[in-house]
Amino acid sequence: MSKQHRADLLLVMVTAFWGVSYLMTDICLTDLEPLTLNAFRFLVAFFVLGLIFLPKMRHISRATLGYSVVVGLCLMGVYACCTYGVLYTSLSNAGFICSMPVITTPILEFIVYRKKPPKKLLTCLILCATGLALLTLNETFRPALGDFICLGTSVFYAIDLIVTDRAIRREDVDPLQMGVCELGVVGFLMLVLALVLETPHLPTTPFIWFNALFLGIFCSGVAFVVQTVQQQYTSPSHVGLIFTLEPLFAAIVAYFFADEVLRPQGYVGAVLMMVSLVLMELDWPAKRKKQ
């Protein structure tokens, strides 16, 4: 297995964590306010992973710290837009728009680097975007204020992927250190916003504690560190495409644990998304040359 295929599989695991996080977030929001929950999960992730990787967190370069702040600001924008966008639009519209990095990332790559996507990736993007629309959109798609706010999520995350890709290819930037530090940046900024806009408090029941800690350690800590470290072996466009599987995993979890059933077109959309991922991973020209 090549490094890129292994990285892509680990990023699929990360996407599965985020798919599970929808249900856990919904549970936690019965007790915690949105900004408070985000502050809790990212600060928990920062301190837990900071302790685990403490020996490797020494001698952090200025470049690593600088990029950690930039990426952290992007992630804060991602979660702020997603949280408040949902308040002013439907969940189906938000699910579709927040998963648009699959489209915005190649566009920004072309604008910034003049990098033209390969034909195979363009085919995968079309299949995945179509599948994502069938999976998440309902019969009436009417733009609302929340739709434009959610659009910020996809833009911020596309910027995050591109900045991360640029940072981890520098010799003076440590991907692991940056992955841990960016969690602290997001957690601190979310805490400041929560203190200003909400009334923060800790979880009040063991069940909420379990879900909030899982969100912090696995869905935030492990997920973003794995993304930062493994992205050096793949491309931002690949990452953006893989992350569109998030609503698919969320739908699977909702089906088994929240008794939510997909509409018929939703199953067609899920199949198209899986086909797009398989096509992206298969190297057909190389196999033909070997034969």
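This chain uses plain numbering: 1 for the first residue, then up along the sequence.
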Side-chain (Ser220) to main-chain (Ala45) donor-acceptor, under 3.5 angstrom: no

Close side-chain approach of Val44 to Leu213, heavy-atom, < 4.5 Å: yes

Test item: Gln177 side-chain N/O and Lys56 main-chain N/O as donor-acceptor pair under 3.5 Å: yes

Trace of the ring-ring contact (aromatic ring centres under 6.0 Å, His included) decision for Trp18 with Phe218: CA-CA 9 Å; Trp18 287 337; Phe218 293 100; over 10 Å; no

Met190-Val196 co-clustered via ILVMFWY side chain contacts under 4.5 Å: yes

Non-hydrogen atoms of Ala167 and Val173 that approach each other most closely: O-CB, 3.3 Å

Hphob cluster co-occupancy, Leu272 + Ile126, side-chain heavy atoms under 4.5 angstrom: no

Straight-line distance of Leu32 CG to Thr204 OG1, nearest 0.5 Å: 7.5 Å

pair Leu51-Phe47: side-chain heavy atoms closer than 4.5 Å: no

Evaluation steps, side chain to side chain contact (heavy atoms under 4.5 Å, CB included), between Phe40 and Leu191: CA-CA 8 Å; Phe40 178 89; Leu191 180 60; over 6 Å; no

Centroid separation Phe156 to Tyr79 less than 6.0 Å: no

Audit row: Ser61, Asp172, side-chain hydrogen bond (donor to acceptor under 3.5 Å, both in side chains) steps and yes/no: CA-CA 7 Å; Ser61 66; Asp172 55 349; 5.6 Å; no

Heavy-atom side-chain contact between Gln227 and Asp160 under 4.5 Å: yes

Main-chain N/O of Leu151 paired with Ser154 side-chain donor or acceptor, under 3.5 Å: yes

Rounded distance [0.5 Å steps], CD1 in Ile168 versus CG in Leu176: 12.5 Å

Ring-ring centroid check Phe46 Phe188, cutoff 6.0 Å: no

Cluster link Ile242 to Tyr233, ILVMFWY, side chain under 4.5 Å: no

Verdict with supporting geometry, Glu198 and Leu193, side chain to side chain contact (heavy atoms under 4.5 Å, CB included): CA-CA 8 Å; Glu198 299 176 352; Leu193 289 176; over 6 Å; no

Stepwise side chain to side chain contact (heavy atoms under 4.5 Å, CB included) check, Ile27 with Phe207: CA-CA 9 Å; Ile27 293 171; Phe207 186 57; 3.5 Å; yes

Min side-chain heavy-atom separation Leu189-Leu73 under 4.5 Å: yes

Straight-line distance of Leu202 CG to Ile208 CD1, nearest 0.5 Å: 12.5 Å

Gln231 and Thr164 side chains, donor-acceptor separation under 3.5 Å: no

Point-to-point distance, once rounded to the nearest 0.5 Å, from SG of Cys28 to CG of Asn211: 5.0 Å

Short side-chain to backbone donor-acceptor contact, Arg169 and Gln232, under 3.5 Å: yes

pair Glu182-Tyr67: side-chain heavy atoms closer than 4.5 Å: no

Ring centroid separation Phe214 to Trp209 under 6.0 Å: no

Nearest heavy atoms of Leu195 and Pro200, plus distance in Å: CD2-CG, 3.8 Å

Beyond-backbone contact of Thr234 with Lys3, side-chain heavy atoms, under 4.5 angstrom: no

Stepwise side chain to side chain contact (heavy atoms under 4.5 Å, CB included) check, Met57 with Cys181: CA-CA 9 Å; Met57 296 301 295; Cys181 290; 3.8 Å; yes

Backbone N/O of Thr199 and side chain of Glu33: donor-acceptor pair under 3.5 Å: yes

Partner of Val78 by side chain to side chain contact (heavy atoms under 4.5 Å, CB included), out of Ile159, Thr153, Val186, Val155: Thr153

Donor-acceptor contact present, side-chain Thr228 to main-chain Phe224, <3.5 Å: yes

Heavy-atom donor-acceptor pair, His201 side chain to Asp31 backbone, under 3.5 Å: yes

Donor-acceptor contact below 3.5 Å, side chain Ser21 vs main chain Leu215: no

Hydrophobic cluster membership, Ile217 vs Val180, 4.5 Å side-chain cutoff: yes

Main-chain N/O of Met178 paired with Thr64 side-chain donor or acceptor, under 3.5 Å: no

